[in-house]
4 protein chains.
Amino acid sequence: MSKKRGRTEKGEKSRHRLMEAAAEEFARSGYHATKVSDIVKAAGLTQAAFYLYFPSKEAILSELVAEFKQQLRVFGDSGSNVTALAPSDVPAKMRQNIEDVLTFLLKNRELVRVALYESPEATVIHEEITGLIRENARKNWLAGHIREGLALDVVAECIFATIHASAERWLFNGEKSAKQLASEIAEVLQYGMLAHRPKNDLPKA
Amino acid sequence: MSKKRGRTEKGEKSRHRLMEAAAEEFARSGYHATKVSDIVKAAGLTQAAFYLYFPSKEAILSELVAEFKQQLRVFGDSGSNVTALAPSDVPAKMRQNIEDVLTFLLKNRELVRVALYESPEATVIHEEITGLIRENARKNWLAGHIREGLALDVVAECIFATIHASAERWLFNGEKSAKQLASEIAEVLQYGMLAHRPKNDLPKA
Amino acid sequence: MSKKRGRTEKGEKSRHRLMEAAAEEFARSGYHATKVSDIVKAAGLTQAAFYLYFPSKEAILSELVAEFKQQLRVFGDSGSNVTALAPSDVPAKMRQNIEDVLTFLLKNRELVRVALYESPEATVIHEEITGLIRENARKNWLAGHIREGLALDVVAECIFATIHASAERWLFNGEKSAKQLASEIAEVLQYGMLAHRPKNDLPKA
Amino acid sequence: MSKKRGRTEKGEKSRHRLMEAAAEEFARSGYHATKVSDIVKAAGLTQAAFYLYFPSKEAILSELVAEFKQQLRVFGDSGSNVTALAPSDVPAKMRQNIEDVLTFLLKNRELVRVALYESPEATVIHEEITGLIRENARKNWLAGHIREGLALDVVAECIFATIHASAERWLFNGEKSAKQLASEIAEVLQYGMLAHRPKNDLPKA
DNA sequence: CATGAATGAGCGTTCATTCAT
DNA sequence: TATGAATGAACGCTCATTCAT
């Protein structure tokens with residue numbers, strides 16, 4: 001199960017420092033612009049040491065992406081039994097979900113950038129995430145919490161894109177808290193922007 | 001007519017081919033992964049010819065970005081006198097605006113990716129765009145078309161993030177048309193996702 | 001006899017401007033560091049025009065050197081009938097010769113640097129010049145104007161090295177005039193530096 | 001003993017070989033005409049290894065020049081207490097000084113050419129050297145060993161130019177020995193060339 | 001486990017030179 | 001005569017990777 005045999009504690013620490021350093025550098029400057037020498041410098045090791053732990057620069061990238069995907073699984077089973085929710089509890093629950101995602105993104109901000117911008121799998125991962133959200137939305141739709149007439153794939157894209165963009169813009173630099181941002185996002189996503197709902201523009205339910 | 005001094009038509013064409021090729025390559029593989037040799041190969045020229053028209057690889061990138069910014073100005077004055085709109089016309093107008101943006105993105109898809117992902121100015125440009133949208137939203141809010149209690153900066157981010165993500169996902173690969181996508185996005189953004197509006201969750205107007 | 005047939009006056013002018021420009025650039029920055037583009041820029045022409053007049057960059061160098069050698073011939077017959085000189089006239093004559101050389105160097109300063117530093121023939125030219133001087137010295141020696149016991153080749157080298165170095169140092173930048181410098185140099189070369197002539201150190205005449 | 005950190009003896013040797021090779025190549029072909037590939041070929045290394053030790057081609061040049069300047073300091077304090085010399089010892093001492101300089105030049109012939117021809121500092125270095133000589137001459141003048149009425153700066157230039165030119169011409173190619181050359185040069189410089197000293201041309205002492 | 005030394009392959013850029021008009 | 005466009009052949013330099021200790 002372990003990736004390498006006979007690993008020492010010290011080695012494990014070096015390996016970990018390399019991963020952290022790589023995540024930070026990749027996130028800051030991008031995969032291609034980051035040199036192996038940058039990574040090892042940040043980790044306090046030599047270049048040769050790098051290849052003790054990773055077969056290539058690409059390998060450390062995909063390992064970071066793998067780590068991100070691992071972290072993602074936490075969200076796989078969230079929002080399961082939405083049916084049980086009373087309609088009046090839905091908005092708060094949704095607000096909470098958004099906050100959870102924001103908190104997750106904040107904790108893994110480097111990984112997020114790596115996985116979503118720098119990885120060759122970026123598109124796939126993006127679709128995995130929006131897929132999770134779409135499934136959750138579908139359950140809520142079946143439970144009657146979501147309006148008729150909406151394209152759920154677009155809904156999912158809208159939710160994630162908004163969360164992600166907002167995180168990059170206000171969360172990662174500390175301009176807004178996860179709680180505050182979650183409220184503001186939820187407010188928009190739940191009831192939309194328009195002040196007036198024309199009579200002839202009702203959902204086709 | 002023009003025998004002396006100044007660029008020739010042929011040269012202008014070569015230069016243009018290089019810009020096109022660079023946009024395509026940068027969009028496909030990213031700035032760093034794209035070699036000058038890739039660009040000139042795609043443009044049917046030699047490496048040296050590249051430097052006849054651009055002082056460096058970086059220069060063609062920023063020229064591409066400049067071109068994108070130039071194109072952007074078209075949208076600077078759109079949605080000016082929103083006050084004149086009757087509330088019932090707002091949804092259609094907004095749907096049309098979204099479609100216009102989608103059409104613009106589609107026409108400039110390479111430039112979009114370059115400017116928004118590969119450029120060092122990416123963040124600034126992103127903020128310029130959402131700034132335009134936010135201003136437009138503010139005018140609509142003053143005109144009473146937009147609900148109270150919304151954070152307009154988040155609204156703007158939500159609009160652009162959704163449009164942009166959707167374009168990348170369904171528009172650029174032809175899976176959805178601009179018209180269709182605009183409708184679906186507008187539907188979500190205008191009235192939100194929730195089916196029921198709890199009494200205690202009304203806007204604080 | 002002419003280098004090219006059917007040459008126009010305009011062409012001849014362009015060619016001349018190129019030679020002047022090349023001399024100046026070669027003198028300032030050296031042959032290798034000077035680009036053809038530098039030369040044509042200084043001459044107000046295009047690179048292609050350069051090759052209308054010279055088959056290569058090297059060609060213009062050797063043509064400049066040839067021109068220098070041509071100029072040199074003026075000195076070939078100077079100091080011929082030294083025998084006729086009265087010993088008391090020798091110092092003044094020598095001072096005048098030095099001044100003449102300095103004046104020549106000043107008038108051809110660019111050419112001098114090109115021929116003596118940048119040309120592959122530099123060594124040969126240097127030897128040609130010192131050869132002329134040595135011959136002149138030999139005539140003066142035969143006429144009894146020059147001390148016994150001197151190595152005439154070293155004398156020649158000493159004369160030219162001093163003149164040349166002094167020109168580079170004080171003449172070309174205007175710090176000393178040719179007349180002034182000639183006097184100072186002559187003073188040293190004629191009677192040497194030492195104040196006292198030990199009895200046991202007399203020439204072996 | 002030294003397992004961790006710091007340059008190894010092997011590395012130091014490689015670095016040294018590169019310096020030697022560069023000196024030789026620069027001296028032979030000039031800075032611009034010498035390719036990094038020439039240097040590493042002569043040093044038995046690859047291009048990349050070069051940049052392990054020097055940040056650029058220019059850097060190795062200035063390091064070479066710095067080394068030359070370092071070597072030069074040996075001469076800084078030579079000829080100090082000339083006052084103590086009896087006038088009859090001066091010629092021999094001077095002859096010896098010239099021989100020392102010739103020996104130094106011979107030992108550092110590559111460095112000499114690099115520092116005096118190829119370096120951007122060439123002029124400065126030239127002036128440093130002649131400055132040293134001029135100071136020495138001034139001390140000898142104060143001690144009464146040098147004739148009145150001489151321009152000491154010209155004297156210094158004369159001394160160095162003659163030594164340098166002679167070295168290039170006869171010493172470096174083995175045609176004359178340092179001892180022999182020193183005698184011949186000293187003979188000229190000490191008492192000058194002329195056989196007769198006109199009565200009206202006496203020093204203005 | 002970790003190091004300093006070394007490398008091969010390639011990249012961005014330059015420049016003397018040629019072509020077509 | 002002169003031009004703008006184009007090129008081939010390098011060159012300086014970088015970087016991921018390997019070797020020897």
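To find a chain, count down the sequence lines: A is the first, B the second, and so on, and within it residues start at 1.
Closest to the D:Lys35 side chain, of the nucleotides E:dA16, F:dC11, F:dT7, is F:dC11. For C:Thr46, the listed nucleotide lying nearest its side chain is F:dT3; candidates were E:dC1, E:dT17, F:dT3. Distances from the side chain of B:Leu45 to the nucleotides E:dT7, F:dT7, F:dT1 place F:dT7 closest. When distances run from any side-chain atom of C:Tyr53 to the nucleotides F:dT1, E:dT17, F:dA6, the shortest one goes to F:dT1. Residue A:Ala49 places its side chain closer to E:dT3 than to any other of F:dG12, E:dT17, E:dT3.
For the pair B:Asp38 CG and E:dG10 C1', the computed distance is 12 Å after rounding to whole Å. Residue A:Ile39 contributes atom CD1, which lies 12 Å from atom C1' of F:dC15 at whole-angstrom precision. Whole-Å rounding puts the C:Glu58 CD to E:dC15 C1' distance at 15 Å. Taking atom NE2 of C:His32 as the reference point, atom P of E:dT14 lies 19 Å away to the nearest angstrom. Distance D:Lys57 NZ to E:dT14 P: 15 Å, rounded to the nearest Å. Distance, A:Ile60 CD1 to F:dA16 P: 12 Å, rounded to whole Å. Rounded to an integer number of Å, the gap from NE2 of A:His16 to C1' of E:dC1 is 18 Å. The NZ-C1' distance, from D:Lys41 to E:dT7, rounds to 16 Å in whole Å.
Mapping B:Leu52 and A:Phe50 onto DNA chain F by nearest heavy atom places B:Leu52 at the nucleotide closer to the 5' end. Summary of the strand contacts: B:Gln47 and A:Glu12 both lie near DNA chain E, and taking for each the nucleotide with the nearest heavy atom, the more 5' one is attributed to A:Glu12. Mapping D:Tyr51 and B:Arg17 onto DNA chain F by nearest heavy atom places B:Arg17 closer to the 5' end of the strand.
For B:Lys69 and B:Glu121, the salt-bridge test passes: some basic side-chain N is under 4.0 Å from an acidic carboxylate O. A salt bridge does not link B:Arg17 to B:Glu20: none of the charged side-chain nitrogens sits closer than 4.0 Å to a carboxylate oxygen.
With both pairing distances under 3.5 Å, F:dA9 is matched to E:dT14 as a Watson-Crick or G-U wobble pair. Checking E:dG4 for Watson-Crick or G-U wobble geometry (two distances, each under 3.5 Å) identifies F:dC19 as its partner.
Counting non-hydrogen atoms under 4.0 angstrom, B:Phe54 reaches nothing in the nucleic acid.
For F:dT1, the OP1/OP2 oxygens have no side-chain nitrogen or oxygen of C:Lys13 closer than 4.0 Å. Side-chain N/O atoms of D:Lys10 include none lying less than 4.0 angstrom from OP1 or OP2 on F:dT21. Contact between the side-chain N/O atoms of C:Ser14 and the OP1/OP2 oxygens of F:dA2 is found at a separation under 4.0 Å. The side chain of C:Thr8 contributes an N or O atom lying less than 4.0 Å from OP1 or OP2 of F:dT1.
By the 30° and 60° cut-offs, the orientation of the rings of C:Tyr117 relative to D:Tyr117 is tilted.
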Derivation of the salt bridge (charged side-chain N to carboxylate O under 4.0 Å, His left out) call for B:Arg109 and B:Glu168 | CA-CA 9 Å; B:Arg109 45 184 292 185; B:Glu168 288 280 358; over 6 Å; no
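Residue B:Glu58 qualifies as open at atom CD: its count of foreign heavy atoms under 6.0 Å is 12 or below.
In this structure, the side chain of A:Glu118 engages the main chain of A:Tyr31 through a donor-acceptor pair within 3.5 Å.
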